[in-house]
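These numbers come from the heavy atoms of this one structure, side chains and all, not from hydrogens, waters or symmetry mates. As the structure lists them, so they are numbered: ligands from 1, and atoms in each ligand from 1.
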Amino acid sequence: MSASIVVGTQWGDEGKGKIIDIIASRADVVVRSQGGNNAGHTVVSGGQTYKLHLIPSGILYKNTLCLIGAGVVMDPKDFVGEMDMLEGRGVSLDNLRIDPRAHITMPWHIELDGLSEKFRGNADIGTTKRGIGPAYMDKYERCGIRAYDLIHPEIFAEKARSTGMLKNKIITEVYGGKPVDIEAVIREYTEYGKRIAKYVDDVSVIVYNADKEGKTIMFEGAQATLLDIDFGTYPYVTSSHPLSAGVCVGTGIGPMMIRDIIGVAKAYTTRVGKGPFPTELENETGDMIRNKGGEFGTTTGRPRRTGWFDAVIVRHSVRVNGLSKLAINKLDTLSGIGDLKICTAYEKKDGTVIKDFPPVLEELADCKPVYEMFEGFNEDISRCKAFEELPKSCQRYIERLEELCGCKIAMIGNGPDRTQIIER
Ligand code: IMP
C-alpha cells in the first residue's frame with residue numbers, strides 16, 4: 001500500500017506539476033483519473049520545458065508506467081499532438097496506457113462549449129473551451145463515445161453518425177451555429193484511433209495488480225478542489241471530481257489503496273475564469289504577485305486573478321480531500337511585496353464570523369475576508385535548502401498557515417526548479 005494522491009487545494013494552477021514531478025520521480029506508476037486537456041502541467045526536466053495537458057508527466061521517466069483512467073475525457077487530436085511532440089523529443093511512449101472506458105472529446109463538444117458560453121453572455125463560466133463540460137454531459141446522458149469505440153472504426157462511425165447528427169441539430173437549431181462535417185470528423189478521428197489503439201488497456205486492472213506487487217503508485221490530480229463539480233464554487237467549476245475521492249471512481253480502485261493525500265497550495269491564491277474570489281487583490285499588490293509569479297494560464301494564456309492566501313478555502317480542502325500533508329508553493333513570489341495578509345475566517349453582513357467555506361455562492365457573496373497581518377520579507381529565499389534558513393518572518397508565516405489549515409506543511413516551494421523545494 002504505497003499509493004499517493006496529489007490534489008490542488010485552491011482553484012488550480014497551484015504548481016501541482018512540480019510536486020507531481022518530484023513524486024513521479026519516485027513512483028513506478030503515475031495515473032490521471034479525471035478532467036481532460038483543460039489541465040496544463042509544465043514540467044522542467046533536463047533543462048527542457050514540457051507542457052503537458054493529457055499525458056501524465058511520469059512519461060519523462062523511462063521506467064514509469066503512465067496511465068489514463070476511465071474518468072478522463074480525452075481529446076484524441078490534442079493527445080496525438082502531445083504524442084508527436086514527446087516522440088519528436090526522444091521520449092518513449094511504450095509505458096503509456098489508456099482505459100477503454102475513457103470518454104472521447106469530439107469536435108461538437110468543443111463547438112458546443114463555445115456556443116453555450118456565448119449564450120450565457122455576462123454569466124459565462126469562463127471555461128477553457130476544450131469541450132470538457134459537453135463531453136461529460138454526453139457521458140452522463142449515456143450517449144458518449146469511448147476510447148474503445150474510437151479504436152473500432154465501425155463502432156466509431158456508427159456512434160459518431162448518430163450522436164453527431166443530434167449534436168448538429170443542437171448546434172444549428174438551438175444556437176444558430178455552423179454544423180460539424182461528421183464524415184470528415186469520422187475520417188480524421190479514425191486515424192487518431194489507429195494511433196492510440198495499441199495503448200488501450202484496462203487501467204483499473206493494471207493499477208490493482210501494480211498495488212498487489214508492491215509498486216509505488218501516484219495519482220496526479222488535475223484542476224483543483226474549488227473546481228469540483230459538487231464541492232467547488234458551483235457553477236464556476238469544471239465538470240469532474242478533482243477531489244481525492246474522484247481518483248477512486250476515475251480509476252476503478254478502492255479507497256483503501258491510498259496511503260497519502262498531498263494537497264498543493266500556493267503561498268497566495270489565484271484563479272482563472274469567472275466566479276467569486278473573496279481575497280482577490282484588484283490593485284498594485286495583485287499586479288505585483290501576477291508579474292512576479294508569472295501568473296498566466298498554461299492552457300489558455302489568460303492572466304490569472306490574484307489574492308491573499310485564504311485559509312478558509314484550504315481548510316475546506318483539508319476536510320473534503322482528507323489531506324495528510326500540504327505542499328506550499330511559490331513562497332519566493334511573496335518576497336519584496338510588503339506586509340502579508342492571511343484570511344482566517346469570513347464575516348457575514350450581519351457580523352457573524354464563519355470558519356467553514358460556505359456551500360453555495362449566494363452565501364459566499366455575503367462574506368468578507370477577516371485578515372491577520374504578517375510582517376513581509378525582502379530576502380531572496382530561492383537558494384534556501386532547509387526551513388531554518390528561511391527568514392524568521394517567513395517561518396512564522398508558514399507556521400501560521402499550518403495552524404490555520406490544520407494540516408502539516410511537508411513541502412515548501414521556493415523557486416520553479418524541481419530542486420527548489422524544502423522538505424520538512
Ligand atoms: P472547463 O473545465 O474548461 O469546463 O472550465 C471550467 C472552469 O474551470 C473555468 O473557470 C476554467 O478556467 C477552470 N479550469 C479548468 N481546468 C483548469 C486548470 O487545470 N487550472 C485552472 N483552472 C481550470
Below 4.0 Å, non-hydrogen atoms only: which portion of [X] touches ligand 1? Side chain, backbone, both or neither.
| X | answer |
| --- | --- |
| R302 | side chain |
| Y236 | neither |
| V237 | backbone |

Under 3.5 Å, is there a donor on one side chain and an acceptor on the other for [X] and [Y]?
| X | Y | answer |
| --- | --- | --- |
| T105 | N37 | no |
| H103 | D138 | no |
| W11 | T233 | yes |

Quick check on the 6.0 Å ring-centre criterion: do H152 and F156 meet it?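 That pair fails the under 6.0 Å test.
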Is any N or O atom of Q223, backbone or side chain, closer than 3.5 Å to an N or O atom of ligand 1?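 Yes: some nitrogen or oxygen of Q223 is under 3.5 Å from one in ligand 1.
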Hey, does N38 come in under 3.5 Å of ligand 1, counting only N/O atoms on both sides?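 There is such a contact, yes.
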For [X], counting its heavy atoms only, list the atoms of ligand 1 lying under 4.0 Å from any of them.
| X | result |
| --- | --- |
| W11 | 21 (C), 22 (N) |
| D13 | 20 (N), 21 (C) |
| G126 | 9 (C), 10 (O), 11 (C), 12 (O) |

Quick check against the 3.5 Å criterion: does T163 have a side-chain atom that pairs as donor or acceptor with the backbone of A160?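 The answer is no, because no donor-acceptor pair under 3.5 Å joins these two groups.
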Quick one: nearest non-hydrogen protein atom to atom 23 (C) of ligand 1, plus distance?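 The closest one turns out to be L227 CD1, 3.5 Å.
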Test E82 against every option in H53, K77, K51 by the side-chain contact (heavy atoms from CB on, under 4.5 Å) rule and name the one that passes.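 Passing option: H53.
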Looking only at heavy atoms, what is the nearest atom pair of G307 and F277, with distance?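 Answer, listing the atom of G307 first, then F277: N-CZ, 3.5 Å.
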